[in-house]
Each structure stands twice: as C-alpha cells, then as structure tokens.
Amino acid sequence: MPPSEKELVMYQKATVLDLLQIFDDKPDKTYTPEELKKIMLAYIRGLEEK
C-alpha cells in the first residue's frame, strides 16, 4: 500500500530537518549551489543504501 499524503508530508519534513542539521554543523560556512547539490545528492544516495 502506498504511503498516505500525511506520511509523505512527514517524510518531507524529516528530510528538511536532516538537511538543516547538516548545515547547522558548520554555521559559518557558505555553500555554493554546486555544493548544495552535492550534499542533497549524497543525502539521497545514503537513504537509498539503507
């Protein structure tokens, strides 16, 4: 059975919170668009490996 809309929203919020935590680890760092893309792709790959 596919996830409900409520579950999808919960997963999206969890993803954003995970990414915010990654960025909070280095609050003084400025990221380029390319670095942000790499971080997000690495996050997705990490989820796929679980």
Side-chain angles (χ1 to χ4, degrees):
M1 180 162 70
S4 69
E5 188 171 334
K6 185 175 181 179
E7 288 171 317
L8 289 174
V9 169
M10 181 184 67
Y11 297 143
Q12 291 169 336
K13 287 180 180 181
T15 300
V16 171
L17 288 173
D18 286 345
L19 290 170
L20 286 173
Q21 191 166 15
I22 290 169
F23 299 134
D24 282 347
D25 285 345
K26 296 181 181 177
D28 296 332
K29 169 108 172 92
T30 302
Y31 296 92
T32 65
E34 188 62 32
E35 289 172 318
L36 291 171
K37 182 178 175 181
K38 287 180 182 180
I39 290 168
M40 288 186 251
L41 288 172
Y43 178 86
I44 291 169
R45 283 190 207 105
L47 290 177
E48 291 174 346
E49 292 177 5
K50 288 185 178 182

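Computed over heavy atoms, backbone and side chain alike; hydrogens, waters and symmetry mates excluded. Quick caveat: nothing in here was measured; it's all calculated off a predicted structure.
Taking CE of M10 as the reference point, atom OG1 of T15 lies at 10.0 Å (rounded to 0.5 Å). In this structure, D25 CG and L20 CG are separated by 11.0 Å, a value rounded to the nearest 0.5 Å.
By the 6.0 Å contact criterion, CD on E5 is open, its count of non-hydrogen atoms from other residues, nucleotides or ligands being 12 or less. By the neighbour-count criterion of 12 heavy atoms within 6.0 Å, atom NZ of K29 is densely surrounded, having more than that number from other residues, nucleotides or ligands.
Linking Ile, Leu, Val, Met, Phe, Trp and Tyr residues whenever their side-chain heavy atoms come within less than 4.5 Å leaves I22 and I44 in two separate clusters. Linking Ile, Leu, Val, Met, Phe, Trp and Tyr whenever their side-chain heavy atoms come within less than 4.5 Å puts Y43 and I39 in one cluster. Cluster annotation: L47 is connected to M40 through the hydrophobic network of ILVMFWY side chains, with a link wherever side-chain heavy atoms come within less than 4.5 Å.
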